[in-house]
Student: 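Below are the structure tokens for one structure; questions will follow.
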Amino acid sequence: MKILVIGSGGRENAIAAAIKRSKKETEIYCAPGNGGTAEIAVNVPIKEGDTKELLSFALENKIDLTVVGPEIPLSLGIVDEFTAAGLKIFGPDKKASLLESSKKFAKDFLKKYNIKTAEYKSFTDFQTAKNFVKQKNHPIVIKASGLAAGKGVFISESMEESQKILDSIFNGKIFGKSGETVIIEDYIDGFELSYMVAADGTSYKPLITSMDYKKIGDGDAGDNTGGMGAITPNPYVSEAMIEKINKTVIEPALEGLKKENIKYKGILYAGLMIKNDDIYVLEFNVRFGDPETQAILIRLESDIIDLFLSVINENLKEYKLIFEDNKSICLVLSSDGYPKDYKTGYKISFNGLQNLGWAKTAEYAIFHAGTKKIDEKYYTSGGRVLNICAKGRAPEIADIVYDIAKKINFENKYYRKDIGKIYALS
Ligand code: GLY
């Protein structure tokens, strides 16, 4: 079976590794992939946003199944294009992808279907937004409505800070078109939960829960990032809470989508804030989370190809989604300076560490994100460079990833020191 994975991050390396673990015979391609996917797949030099080229490649190479990692090709309508050409592709279509590509669409949708979310207003001009923040108690949350690679959300502590942020979005155009509409919403203080389900248009199955560490610094200090680490399961979430999320968020959302004539097929990711047992939706993503997926998929027991196919063929109900009964962790090694400016091109030394990330029994996995393989050597090429994952018992798994983090070397290496620290506290 020929399978194409679109994307170049740690999430796509983890997806490719899970595909490689399948008992089915596979030939894996990754577009554009990274240094890690080069070990288990053929990297194809087509950018994730070049949907036309990707379609030509899939048709010419008779790809049996395409799996889309990131949001950009989804928001551009890659699923509509592949489906129209008679190809099997995993992910929601363009209209469904609005849930992530337009925060305004998502907020209005939540309101319409009575799903709890922070009170908000949307703005399209600087002056009105600036006047609005003058009347607000702080902190407040300011978000670019469009896609911003996880960097478009600000928690502002003061009116002056809010005005600066609005100025940079509206006048400085730091997010380009993605910042033409801005959402300002109330800040909710609680604990965050990444909750993902697979959905096939009629039924859904939840994945295991996870917790993302979004901020760059220890103790959740500093700027928002794409994610600096993750653990599964989310240690704060009970079975009763999961039931409540399904009943008050997932089911009304999937029903609402049907009412909007959207057949939602793929992964629906709800970024949730839980405060005193109240569940607020912070955001929807229309894809697997990164780095949560790396921690989730190393615990997946069932065949991931069957999961993809059962969603595409709309028989998810019959698919048995099984995870190992343990815990997992993912630690992100990044280039110092990320999520702002950082340098790349540094050689990575693994110091003899064997990476068997695709082997089911492997104690740890090293997934690549911003890396390049040149002449059998690996170099940094992005902000988030490597993902070190381990599964088993806590707190031991945290010790494993931190030991590996010390052994791997590259110039400007940076990582948080408190991922999974909660294990030591519990
Ligand atoms: N880790 C958050 C995200 O994937 O959007």
Side-chain angles (χ1 to χ4, degrees), residues 5-15 34 48 67-75 90-92 96-103 106-107 117 141 143-155 175 178 183 191-198 207-217 220 222-234 237 249 266-274 280-298 328-334 338-339 367 369-370 382-389 415-416 419-420:
V5 178
I6 296 174
S8 61
R11 166 184 51 207
E12 288 74 26
N13 194 169
I15 292 171
N34 59 37
E48 65 184 39
V67 182
V68 190
E71 59 279 15
I72 287 179
L74 295 169
S75 71
F90 180 83
S97 301
L98 278 172
L99 273 186
E100 177 165 1
S101 60
S102 167
K103 291 203 167 34
K107 292 291 287 189
T117 187
V141 182
K143 295 176 173 176
S145 179
L147 296 177
K151 295 171 205 159
V153 178
F154 301 87
I155 297 163
F175 299 119
S178 288
I183 307 289
F191 74 85
E192 278 193 53
L193 162 63
S194 303
Y195 193 75
M196 286 179 248
V197 303
L207 310 187
I208 44 179
T209 61
S210 55
M211 189 166 86
D212 183 16
Y213 293 73
K214 284 209 173 65
K215 301 280 184 166
I216 189 69
D220 292 331
D223 290 339
N224 257 339
T225 68
M228 295 302 292
I231 54 172
T232 81
N234 187 307
V237 181
V249 175
I267 297 294
L268 179 64
Y269 168 133
L272 305 173
M273 183 67 84
I274 318 280
Y280 295 85
V281 177
L282 296 181
E283 62 175 3
F284 281 127
N285 294 323
V286 296
R287 46 154 180 94
F288 283 109
D290 183 344
E292 297 95 317
T293 299
Q294 291 86 307
I296 289 173
L297 291 187
I298 58 170
S328 65
I329 183 166
C330 173
L331 172 68
V332 173
L333 305 191
S334 64
Y338 171 80
F367 297 124
R384 290 190 291 175
V385 177
L386 293 168
N387 304 152
I388 305 167
C389 301
Y415 53 94
R416 276 181 65 159
I419 308 298

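Order of appearance sets the numbers: ligands from 1, and atoms from 1 within every ligand. Bear in mind the structure is a predicted one, so any value in this text is a computation, not a measurement.
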Student: Would you call E100 and S75 a side-chain contact if the rule is heavy atoms closer than 4.5 Å?
Tutor: no
Student: What residues form a side chain to side chain donor-acceptor pair (under 3.5 Å) with R416, not counting sequence neighbours?
Tutor: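 Applying side chain to side chain donor-acceptor pair (under 3.5 Å) to R416 gives D220, D418.
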Student: Measure from the side-chain N and O atoms of S145 to the backbone N and O of K103, and report whether any donor-acceptor pair falls under 3.5 Å.
Tutor: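 Yes; at least one donor-acceptor contact below 3.5 Å.
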Student: Taking the basic N atoms (NZ, or NE/NH1/NH2) and the acidic carboxylate oxygens, is any pair closer than 4.0 Å for R384 and D290?
Tutor: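 A salt bridge is present here (some side-chain N lies under 4.0 Å from a carboxylate O).
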Student: Does any non-hydrogen side-chain atom of I15 lie less than 4.5 Å from one of L297?
Tutor: yes
Student: Check each protein residue for a heavy atom under 4.0 Å from ligand 1 and list those that pass, ordered by chain and number.
Tutor: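 Contacting ligand 1 under 4.0 Å are D212, G226, Y269, N285, R287, G289, D290, P291, E292.
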Student: Run the side-chain hydrogen bond (donor to acceptor under 3.5 Å, both in side chains) test on E292 and Y269 for me, step by step, so that the C-alpha distance in whole Å, both residues' side-chain angles and the decisive distance to 0.1 Å come before the verdict.
Tutor: CA-CA 11 Å; E292 297 95 317; Y269 168 133; 2.6 Å; yes
